[in-house]
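Whatever order the structure lists them in is the order used to number ligands and atoms, beginning at 1. Throughout, residue positions are numbered sequentially from 1 according to the sequence presented.
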Amino acid sequence: MSGGVLLQGAEFGHGVVAGFGGAGWEIFFLHEVDVGQRGGAGDEIAPEGGEMVAGLKAAAISGRVAGLPLCFFQRGGLSPGSRSLPTGRALPINQFPLTTNPFRLYNISAPQIGRDPMSLAVAHGLPAYDIHMDKFVIRGGNPLLGTIRVSGAKNAALPAMAAALLTDEPVILENIPQVRDIETTRKLLAAMGAEVELGYGRAQHRTTISCRNLTSPEASYELVKTMRASTLVLGPLVARCGRARVSLPGGCAIGGRPIDLHIKGLELLGATITQDHGYVEAVAKRLHGGEILFDKITVTGTEDLLMAATLAEGETVMLNCAREPEVADLADLLNKMGGRIEGAGTSTIRVKGVTKLHGARHRIIPDRIEAATFIIAGALTGGDLNVAGCDPHHLGALLEKLNEVGVKTARTGDSVRVMGDNPPKAADMVTEEYPGFPTDVQAQYMALATQADGTSIITENIFENRFMHAQELVRMGANIKIEGRRALVRGQTPLSAAAVLASDLRASASLVLAALVADGETIIDRVYHIDRGYEHIEEKLRGVGAQIRRIGEILPKKAAAPAPRG
Ligand code: EPZ
C-alpha cells in the first residue's frame with residue numbers, strides 16, 4: 001500500500017467521499033454520497049455528484065495524486081448479490097464485488113468496513129488530504145436563456161422532517177431538495193434513533209422517516225451549531241417523548257437569533273424548561289393547550305409550537321403567527337398525519353390536540369427563495385428565463401417589486417418567465433415577514449440594485465446583521481453604503497471580477513448573481529454555504545448558459561475548512 005494516499009472530502013454535496021489510492025490496489029469509498037447513476041475509471045463524469053468526483057478526477061489527472069482510479073458507489077445499501085468488504089480491508093479494484101452493472105458499485109459505508117477510511121489510512125501509513133470543492137469560478141457576461149427548474153423548499157422540508165418525530169409510523173416526504181441542510185437533519189434524526197432513508201438521484205428526492213424507536217431525544221451542539229433549524233425538534237420531541245434536550249444555537253452570521261419565543265411558548269403549553277451547559281431541556285408529562293401570543297413573528301417558532309400543540313391535551317390558539325407558505329405546508333402535513341389544525345397561513349392558528357398521529361405521504365412545496373434567486377438572475381443578466389416548477393402565488397412581493405423597477409415577468413400555472421430586455425430602474429425595498437418582501441431575497445435584490453438606474457435604499461427589518469454581502473459586492477465595484485439597517489446602493493456601477501468570500505447562504509447567492517454580470521472571472525470562496533440550500537446550483541445555471549464551475553483544492557488533512565454556521 002505504500003505510495004498511496006487517502007483523500008477524504010469534508011462534507012460537500014451530500015456526504016463524505018473518501019478514497020484510497022495505492023500501487024496495485026486502489027479503491028475509493030464514497031460514503032453516503034449522491035453520486036448519480038454511473039461512473040468508473042476513465043468514465044465520463046456522472047451528471048449528479050459529478051462536480052465532486054470531477055474534483056477527484058482532476059486531482060488525479062493533474063498528477064498531484066498519481067494513479068487514482070475513480071469508482072462510484074451508490075447510496076442505498078448493498079445490492080442483492082454484492083458482498084460487503086471484509087472488515088478493515090481494502091480490496092484491489094479488480095476484486096471489488098461488482099454487481100450486474102459494472103458501473104454500479106454499492107455503498108460501502110464506514111461502519112460496513114468496520115473502520116473509517118481515515119483510520120485505515122493511518123493503519124496503512126498513508127498520507128491523508130482533505131479535498132475541498134469549495135470555490136465557484138464564474139465568468140460573467142452571458143444572458144441566462146431557457147428553462148430552469150426549481151427544487152423543493154428547504155425551509156418547508158426541514159420542519160416536515162422534524163414532524164416525523166411526532167409519530168411512530170413512517171412519514172414519506174417527496175420533493176425533498178438535495179441540499180446539505182437536509183443531510184444534517186437526517187443525521188440529527190438518526191442520532192435520536194430514527195430510521196431515515198434518503199432517496200438520492202434525479203428521479204427520487206424522497207425520504208422515508210420512521211421514528212418508531214426514539215432512543216435519545218437530544219440534539220447535540222455538534223449538529224445544532226451547523227444548522228440552527230435543528231431547534232425545530234424541540235417541540236415535537238417534548239410532545240412525543242415527554243422530554244427534549246437541545247443545544248442552544250448561539251449567534252450566527254446574520255444576527256443573534258435567540259429562541260426565547262420557542263421556550264416561552266412551550267412553557268405556556270406546560271413544559272418545564274431548564275437551561276444548563278448550553279443546552280435547553282424541556283420536560284412535560286403531556287403538554288396542554290393554551291393561548292400563545294408571539295411578541296414577534298417567528299417562522300420556526302410558529303412551526304415548533306404548532307408541532308408541539310398537535311399532541312397537546314385540549315385546544316391551542318396561536319396569535320401573531322408567521323404566515324409563510326412553509327408554515328401552511330407543515331400544517332398540511334400535520335393534518336394528513338391526523339392533526340386538527342385550522343388557520344395556518346394566517347396570523348391566527350387553532351390546534352385541537354389529538355392523542356396520536358399516524359404516518360402520511362406529503363409533497364413539499366417548491367422553493368420560493370430559489371425561484372426568486374433565479375428570477376433575479378434572469379433580470380440581472382438581461383436574459384429570457386423561464387423559472388419552472390415554482391408557485392407564483394408565493395412570489396407576489398418580488399414580482400410586484402420587479403414590476404416597479406420595470407422588469408417584465410409573465411406568470412403561468414407553475415412558472416414565471418422573466419424578460420430582462422430593459423435595464424431596471426432603482427426602487428427602495430424593505431424586508432418584511434410574509435407576504436412582504438423576504439429577507440432571504442434581500443441580498444439577491446441588492447445585486448440587482450447595483451445595476452439599476454438610480455439609487456435604491458434597502459432596509460433589512462428582520463435580521464440585524466444581514467448585509468455581509470455588501471462589502472463583497474463593493475470589492476467587485478459596487479457602490480454601497482451601510483447605515484445601520486439601511487443600505488444605500490448607487491446603481492449602474494460596472495462590476496468587475498474579484499476573489500470574494502461567501503458569508504451565509506443567501507449572501508453566497510447574491511455573489512453568484514453579481515459574478516454573472518461582472519467583467520472577468522470571479523472566484524467565490526466558501527460556497528459550502530450555498531450547498532446548504534441550493535440544489536446543484538452550478539449545474540442548473542450552466543444549463544441556461546452561465547459559465548460557472550466548481551473547483552476543488554487538496555489540502556493536507558489537518559487544514560480543515562471552518563464549520564458552516566447559520
Ligand atoms: C426562518 O428562520 C428561516 N429558516 C430563515 O431562512 C429566514 O431568514 C427567517 O425564517 C425569516 O424569514 C427556516 O425556515 C429554517 P425567525 P427563523 O424566527 O425561523 C427573532 C435561509 O436563508 N426571534 O422568523 O430562525 C429573530 O432573531 C434562512 O434559508 C426572536 O427574537 O427566523 C429574528 O430577528 C436563514 N426570538 C426574527 O425574530 C425567537 O425566539 C425572525 O426570525 C425567534 C426569533
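At least one N/O-N/O distance between L261 and ligand 1 falls below 3.5 Å. Note: an N/O pair closer than 3.5 Å links I462 and ligand 1 by distance alone. When only interatomic distances are considered, the shortest N/O to N/O separation between R466 and ligand 1 falls below 3.5 Å.
The closest approach between a heavy atom of P258 and any atom of ligand 1 is below 4.0 Å. For R506, the closest heavy-atom approach to ligand 1 falls below 4.0 Å. Ligand 1 lies nowhere less than 4.0 angstrom from a heavy atom belonging to R532. Put simply, part of H262 is less than 4.0 Å from ligand 1, judged by heavy atoms. Distances shorter than 4.0 angstrom do not occur between any heavy atom of Q442 and any atom of ligand 1.
Partners of D181 under the salt bridge (charged side-chain N to carboxylate O under 4.0 Å, His left out) rule, at least two apart in sequence or in another chain, are K154, R532. Among residues two or more places apart in sequence or in another chain, the salt bridge (charged side-chain N to carboxylate O under 4.0 Å, His left out) test is passed with R486 by E483.
Near K154, the atoms of ligand 1 lying under 4.0 angstrom from a non-hydrogen atom of the residue are 21 (C), 29 (O). Taking every heavy atom of L505 and a limit of under 4.0 angstrom, the matching atoms of ligand 1 come to 22 (O), 29 (O).
Counting heavy atoms under 4.0 Å from ligand 1, residue I297 touches it through the backbone alone. Looking at E464 against ligand 1, nothing comes within 4.0 Å, counting heavy atoms. Contact annotation: for H529 versus ligand 1, there are no heavy atoms closer than 4.0 Å. When non-hydrogen atoms are compared, ligand 1 lies under 4.0 Å from the side chain of D440 (C-beta onward) but not from its backbone. Contacts with ligand 1 closer than 4.0 Å are made by side-chain heavy atoms of A229 only, the backbone lying farther away. Heavy atoms from both the backbone and the side chain of D260 come within less than 4.0 Å of ligand 1. In T300, the parts holding a heavy atom less than 4.0 Å from any atom of ligand 1 are both the side chain and the backbone.
Here E303 contributes atom CD and N155 contributes atom CG; the two are 8.0 Å apart, rounded to the nearest 0.5 Å. C390 SG to I369 CD1: the interatomic distance, rounded to the nearest 0.5 Å, is 12.0 Å. Within the model, atoms CD of E535 and NZ of K540 stand 5.0 Å from one another, a figure rounded to the nearest 0.5 Å. Atom CG of L516 is separated from atom CG of L144 by 5.5 Å, given to the nearest 0.5 angstrom.
When the heavy-atom distances from atom 3 (C) of ligand 1 to N155, D295, V299 are ranked, the shortest goes to N155. Of the listed residues (T439, N461, I259), the one carrying the non-hydrogen atom nearest atom 11 (C) of ligand 1 is T439.
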Report task. Go through the steps for Y221 and Y279 under the test ring pair (Phe, Tyr, Trp, His ring centres under 6.0 Å), then give the verdict. Result -> CA-CA 8 Å; Y221 178 62; Y279 277 76; 7.7 Å; no
Report task. Carefully, step by step, assess D504 and H529 under the rule side-chain hydrogen bond (donor to acceptor under 3.5 Å, both in side chains). Result -> CA-CA 5 Å; D504 75 70; H529 287 294; over 6 Å; no
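A salt bridge between R466 and D440 is present, with a side-chain N of the basic residue lying under 4.0 Å from a carboxylate O of the acidic one.
Put simply, the residue from L399, V407, L380, T381 that forms a side chain to side chain contact (heavy atoms under 4.5 Å, CB included) with V418 is V407.
Not a single donor-acceptor pair under 3.5 Å links the side chain of R340 to the backbone N or O of N335.
Using a 3.5 Å distance cut-off with no hydrogens or angles, the side chains of Q444 and S510 do not pair a donor with an acceptor.
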